[in-house]
Amino acid sequence: MSAPSTEADLPDGPGGPGGPAGPGTPVETVQIALTKAGRLKIRYPATLLSDDGTHLTVRADWARETVKDFGFVQFAPGDVFVEHYWRDRWYAVKEVRSGDGTLKGWYCDVARPAVVHTDGGETTVEVEDLDLDLWRSADGSSVLRLDEDEFAESGLADRDPRAAAEAVRTLDALELAARTGEFTDLLVSR
């Protein structure tokens with residue numbers, strides 16, 4: 001699925017008709033590159049919604065043509081992700097909505113801070129996944145810590161003890177925020 005060509009092609013957003021920039025504003029497409037243990041996991045296009053120099057927000061459609069069933073949620077063709085990345089935080093938060101706009105919840109990746117670079121006119125947001133994840137359902141009734149076994153097996157604690165400690169601390173903080181109602185405060189730039 002290709003990205004819209006102007007903000008007017010996007011649903012109305014917080015900035016008014018067409019999204020944050022308004023109708024007719026050219027849309028910048030960026031590439032999201034998620035890596036794990038130094039290898040590219042997935043790369044996909046996204047529409048840049050905002051970038052204040054620290055916090056970037058993008059919109060992307062579900063990148064696969066098939067349904068991914070996690071048991072607690074399904075990601076399916078037509079789903080829309082509003083993804084938040086920070087250059088100074090050890091996580092990314094992805095708001096997940098069905099094609100009809102119904103909020104499914106938030107998927108949080110514990111990751112090194114995002115690195116953004118432009119090469120040949122193409123902007124790429126690179127994020128290194130550190131294996132730990134958190135899911136928070138739309139109503140907050142389900143908060144799940146995910147992939148702790150993968151994290152333990154990754155060897156990160158031996159290769160980079162500081163990063164491993166930060167990853168665990170970050171997952172604990174995300175879980176606390178998700179359980180105490182302060183979760184959406186995470187999406188605000190400081």
Side-chain angles (χ1 to χ4, degrees), residues 30-46 55-98 102-116 124-187:
V30 299
Q31 293 294 313
I32 306 298
L34 302 178
T35 63
K36 187 185 263 189
R39 300 178 127 178
L40 183 65
K41 185 173 155 184
I42 189 169
R43 182 181 180 92
Y44 55 91
H55 174 204
L56 317 101
T57 305
V58 302
R59 178 193 179 278
D61 296 326
W62 174 238
R64 297 182 181 171
E65 294 180 13
T66 58
V67 172
K68 172 97 173 167
D69 188 345
F70 291 94
F72 52 88
V73 68
Q74 290 184 346
F75 295 163
D79 284 355
V80 176
F81 291 67
V82 174
E83 304 177 1
H84 299 265
Y85 298 97
W86 289 268
R87 293 172 177 92
D88 64 350
R89 297 187 194 179
W90 285 68
Y91 59 86
V93 177
K94 299 167 183 176
E95 178 185 283
V96 185
R97 293 185 178 269
S98 64
T102 302
L103 180 64
K104 291 183 175 187
W106 293 268
Y107 196 94
C108 307
D109 287 315
V110 175
R112 291 183 192 270
V115 176
V116 181
T124 301
V125 179
E126 291 185 15
V127 180
E128 183 182 348
D129 184 351
L130 298 178
D131 289 310
L132 295 173
D133 300 305
L134 184 99
W135 170 256
R136 181 182 188 270
S137 63
D139 65 2
S141 65
S142 176
V143 176
L144 304 172
R145 293 171 70 106
L146 306 169
D147 302 330
E148 290 179 291
D149 55 337
E150 288 180 29
F151 177 75
E153 294 169 6
S154 73
L156 184 64
D158 295 328
R159 285 191 324 276
D160 190 343
R162 186 186 77 74
E166 185 64 28
V168 170
R169 187 201 66 73
T170 297
L171 182 62
D172 290 344
L174 286 169
E175 181 182 21
L176 179 63
R179 293 188 186 283
T180 60
E182 297 173 8
F183 186 75
T184 55
D185 293 345
L186 298 173
L187 305 180

With sequence neighbours left out, write down each residue that passes salt bridge (charged side-chain N to carboxylate O under 4.0 Å, His left out) with Lys41, or none if nothing qualifies. Asp129
Side chains of Pro113 and Asp88 in contact at under 4.5 Å (non-hydrogen atoms): no
Nearest non-hydrogen partners of Ala167 and Leu130, listed with the distance: CB-CD1, 4.1 Å
Find the distance between CG (Asp133) and CG (Asp109) and round it off to the nearest 0.5 Å. 5.0 Å
Do Val96 and Val73 have side chains that approach each other closer than 4.5 Å (heavy atoms only, starting at C-beta)? no
Which heavy atom in Trp90 sits nearest to a heavy atom in Thr170, and how many Å separate them? O-CG2, 3.3 Å
To the closest 0.5 Å, what do you measure between OG (Ser141) and CZ (Arg136)? 9.0 Å
Below 30° counts as parallel, above 60° as perpendicular, anything between as tilted: where do the rings of Phe75 and Phe70 land? perpendicular
Whether the side chain of Arg179 engages the backbone of Val143 through a donor-acceptor N/O pair (distance < 3.5 Å, no angle test) should be reported. yes
Do the non-hydrogen side-chain atoms of Leu186 and Tyr91 ever get within less than 4.5 Å of each other? yes
Identify the heavy atoms of Ala138 and Leu103 that sit nearest to each other, and give their distance. CB-O, 3.3 Å
Leu156 side chain reached by Arg159 side chain, heavy atoms, under 4.5 Å: yes
So, applying salt bridge (Lys or Arg N to Asp or Glu O under 4.0 Å) with Asp131, which one of Lys36, Arg112, Arg145 is it? Lys36
For residues 76-85, tabulate all N or O donor-acceptor pairs below 3.5 Å that involve a side-chain atom, not counting sequence neighbours.
| from | atom 1 | to | atom 2 | distance (Å) |
| --- | --- | --- | --- | --- |
| Asp79 | OD1 | Lys104 | NZ | 3.2 |
| Asp79 | OD2 | Ala76 | N | 2.8 |
| Asp79 | OD2 | Lys104 | NZ | 2.7 |
| Glu83 | OE1 | Tyr44 | OH | 2.7 |
| Glu83 | OE1 | Tyr85 | OH | 2.5 |
| Glu83 | OE2 | Tyr44 | OH | 3.1 |
| His84 | ND1 | His55 | NE2 | 2.9 |
| His84 | ND1 | Thr57 | OG1 | 3.4 |
| Tyr85 | OH | Tyr44 | OH | 3.4 |

Write down the atom of Leu132, the atom of Asp147, and the distance for their closest heavy-atom approach. CD2-O, 4.1 Å
Which atoms form the tightest heavy-atom contact between Trp62 and Thr66, and what is the distance? NE1-O, 2.8 Å
Close side-chain approach of Arg87 and Val116, heavy atoms under 4.5 Å: yes
Residue pair Pro45 / Ala60: nearest heavy atoms and the distance that separates them: O-CB, 3.9 Å
Is any side-chain heavy atom of Glu182 closer than 4.5 Å to a side-chain heavy atom of Leu176? no
Roughly how far, to the nearest 0.5 Å, is CD of Glu166 from CG of Leu171? 11.5 Å
